[in-house]
Amino acid sequence: MIEPVEETGPAPRRIRWGMIFGFFTAYGLLNVAQQHLVYAMNRGSTTSWWTSILLQMPVAYTWALATPGIQWLARRFPLERGSLVRSILVHLVAGFTFVFLLDLAYAFHITLVIPAAAASPSPLVRRAWGLFVYWIFSDGLLYWMIVAVTNVAEHRRRLQEREVAASQLRTQLAQAELRALKMQLHPHFLFNALHTIGSLVRTGDRDSAVKILAGLGDLLRRILDDGAQQEVPLAHELEFVRNYLDIEQARFRDRLEVAINVQPDALEAWVPHLILQPLVENAIRHGIAPYTWAGHLLVEARRLGGRLELLVRDDGPGLEDEKTEASRPGIGLANTRARLERLYEGDYHLDVRNAASGGLEVRLDVPFRAAIVTEAAT
C-alpha cells in the first residue's frame with residue numbers, strides 16, 4: 001500500500017498519487033477478472049469485458065480517491081498504546097460507514113450500466129444492504145490494511161526522525177566538547193605567556209618583554225581568526241608554533257634550540273587546530289625549563305602514504321621507569337588525546353615514550369587529508 005511521506009514539493013506528491021492509482025488500478029482489474037469467473041461458474045455465461053470494467057473500475061478508483069482521507073484518519077487516530085480502544089472504535093465506524101456508502105453508490109451505479117437491474121422490485125437501500133453484508137469482510141479488510149500500513153509507515157517515519165535528531169544531537173555534543181577542549185588551551189597558554197612577560201619585566205628585560213607581548217598579540221589574533229575551525233592546514237599550524245617558539249626563545253635565550261623538519265608534501269594536510277602547541281609547550285615545560293643547560297626541541301612532520309606523522313621530541317630526562325604520560329602532569333597531553341578521540345573516533349595513534357637517544361618523544365599519527373594551502377610555511 002502507500003506509505004505517507006512528507007510532501008516537500010510537487011514531485012513527491014505525484015509519486016504518491018501515482019502509487020495509489022497504480023495499486024487500485026491493479027485491484028480493479030483483478031475484480032474485473034474475478035467477476036467474469038464468478039459469472040461463468042454460477043450462470044454459465046459472462047458479461048462483456050466492457051461491462052465488467054464499467055462496474056468494477058469506478059469502485060477501485062473510489063478507493064483510490066478515499067485512500068488519502070483514510071490515511072489522514074489513521075494518522076489522526078493511530079493504533080498505539082494509550083488510545084487503542086478509541087482508535088479501533090473510530091475506525092470501525094468510519095470503515096463500516098464508508099463501505100456501506102460505497103455499496104449504496106454501487107447499487108445505484110449498476111442500474112445505469114445494466115438497465116435490467118433497474119427493474120428489480122427491491123428498494124435501493126435493501127440492495128445496498130445486501131451488497132454490504134456480502135462485501136464487508138473483503139472491503140473491511142482493505143480498509144484496515146490501509147490503516148495498518150499507514151500506522152507502520154508513520155511509526156517508521158517517527159523512528160527515523162528520532163534517529164536523525166539523536167544523530168544531530170550527538171554531533172552537536174561532540175562539537176561542543178571539542179570547542180570546550182580547545183578553549184581550555186587558550187587560558188592555559190595565555191597564563192604561561194603572561195607569566196613569562198611578568199618575569200622579564202621583574203628582571204628589567206623590558207625589550208624582551210615588549211617583543212614577547214607583540215608576539216602574544218599576533219598569536220591571539222591567529223587564535224581568534226581560526227576560532228571556529230577544528231582543523232587547519234599543517235602549514236598554518238606550524239606558523240602558529242613558530243610564533244609561540246619565538247616567545248619561548250626570547251624567554252630562554254640560548255637555553256632553547258629548536259629544529260623544525262617538515263616534508264613539503266605534508267604541509268597541505270589538515271590537522272587539528274592547536275594540536276602541536278600543547279605538545280611543544282609540554283616538552284619545554286618538563287624537558288627544558290627545569291634545567292640550566294641548553295635543551296634541544298625537535299618538531300617533525302611527514303606523510304606516510306595515507307597517514308600523516310607528527311613528532312615532538314626533547315632531550316630532557318624523559319619518563320621515569322617508562323611510565324605513561326601521567327608522569328608529566330598538565331592539561332596538554334590529556335586534552336590532545338581527548339580531542340583526537342572525538343575528531344578521529346579511534347583512527348589515530350598517539351605514543352608518548354622515551355626516545356632512543358634520550359629525552360621524551362610524542363609521536364602522533366592521523367589520516368592524511370589534503371587542504372588547499374595558499375601560503376606555505378617555510
Shortest non-hydrogen contact from G316 toward D314: N-OD1, 2.9 Å
Y291: hydrophobic cluster co-members (side-chain, 4.5 Å): W293
Residue pair F368, L234: steps toward the side-chain contact (heavy atoms from CB on, under 4.5 Å) verdict: CA-CA 11 Å; F368 181 92; L234 177 61; over 6 Å; no
Candidate list R369, H236, H273, test side-chain hydrogen bond (donor to acceptor under 3.5 Å, both in side chains), partner E231, passing option: R369
M57 side chain near N31 side chain, heavy-atom distance below 4.5 Å: no
Non-neighbouring partners of R81 that pass side chain to side chain donor-acceptor pair (under 3.5 Å), sequence neighbours left out: none
Any donor-acceptor pair under 3.5 Å from R255 side chain to A289 backbone: yes
Any side-chain heavy-atom pair of M145 and L141 under 4.5 Å: no
By side-chain contact (heavy atoms from CB on, under 4.5 Å) - contacts of R202 (at least two apart): H195, S199
By salt bridge (Lys or Arg N to Asp or Glu O under 4.0 Å) - contacts of E257 (at least two apart): none
Partners passing side-chain contact (heavy atoms from CB on, under 4.5 Å) against V280 (at least two apart in sequence or in another chain): V241, Y244, L245, I284, L297, V299, V312
Donor-acceptor contact present, side-chain R303 to main-chain G305, <3.5 Å: yes
Exceeds 12 heavy-atom contacts within 6.0 angstrom, atom CZ of R158: yes
Heavy-atom pair with the smallest gap, counting every atom of L310 and A301: CD2-CB, 3.5 Å
Value rounded to 0.5 Å, distance of CD in E163 from CG in L159: 4.5 Å
Joint cluster assignment, L298 & L360, ILVMFWY side-chain distance < 4.5 Å: no
Side-chain donor-acceptor distances from residues 89-106 under 3.5 Å, at least two apart:
unit_1, atom_1, unit_2, atom_2, d
H91, ND1, Y143, OH, 3.1
H91, NE2, F77, O, 3.0
T97, OG1, V93, O, 2.7
D103, OD2, F132, N, 3.3

Under the side chain to side chain donor-acceptor pair (under 3.5 Å) test, residues paired with T25 that sit two or more places apart: Y61
Those residues that, when tested against D351, pass side chain to side chain donor-acceptor pair (under 3.5 Å) (two or more places apart): none
Side chain to side chain donor-acceptor pair (under 3.5 Å) involving E80 - partner list, sequence neighbours excluded: none
Partner set under side-chain contact (heavy atoms from CB on, under 4.5 Å) for D315, not counting sequence neighbours: H296
Nearest-0.5 Å distance, CG of residue N151 to CH2 of residue W144: 9.0 Å
Interatomic distance, L274 atom CG to F240 atom CZ [nearest 0.5 angstrom]: 5.0 Å
Atom pair CD1 (I110) and CG (L131), whose distance is rounded to the nearest 0.5 Å: 7.0 Å
Within-4.5 Å side-chain heavy-atom neighbours: E154 and P78: no
Nearest atoms (heavy-atom pairs only) where L256 meets F252: CB-CB, 3.9 Å
Spacing of CG belonging to L276 relative to CZ belonging to R242, to within rounding of 0.5 Å: 10.5 Å
Nearest heavy-atom neighbours spanning L308 and R302: CD1-O, 3.5 Å
Other cluster members, V152 - Ile/Leu/Val/Met/Phe/Trp/Tyr, side-chain contacts below 4.5 Å: none
Cluster link L304 to L238, ILVMFWY, side chain under 4.5 Å: no
Any I146 side-chain heavy atom under 4.5 Å of W63 side chain: yes
Same cluster (ILVMFWY, side-chain, under 4.5 Å), V201 and L194: yes
L142 side chain reached by F24 side chain, heavy atoms, under 4.5 Å: yes
Test item: S87 side-chain N/O and L84 main-chain N/O as donor-acceptor pair under 3.5 Å: no
Listed once per pair and sorted, the side chain to side chain donor-acceptor pair (under 3.5 Å) pairs that draw on residues 357-368, sequence neighbours left out: R307-D365, E309-R363, R313-E361, R353-E361, E361-R363
Spatial distance of atom CG (L73) from atom OG1 (T150) [nearest 0.5 Å]: 10.0 Å
Given E161, Q160, H155, the one that forms side-chain hydrogen bond (donor to acceptor under 3.5 Å, both in side chains) with R157: E161
Result of checking L340, L311, V271 against L364 for side chain to side chain contact (heavy atoms under 4.5 Å, CB included): L340
Over all atoms of both residues, closest heavy-atom pair of G28 and A60: CA-CB, 3.6 Å
Side-chain touch L267/V262, heavy atoms, less than 4.5 angstrom: yes
Common cluster, L319/L350, ILVMFWY with side-chain heavy-atom separation under 4.5 Å: yes
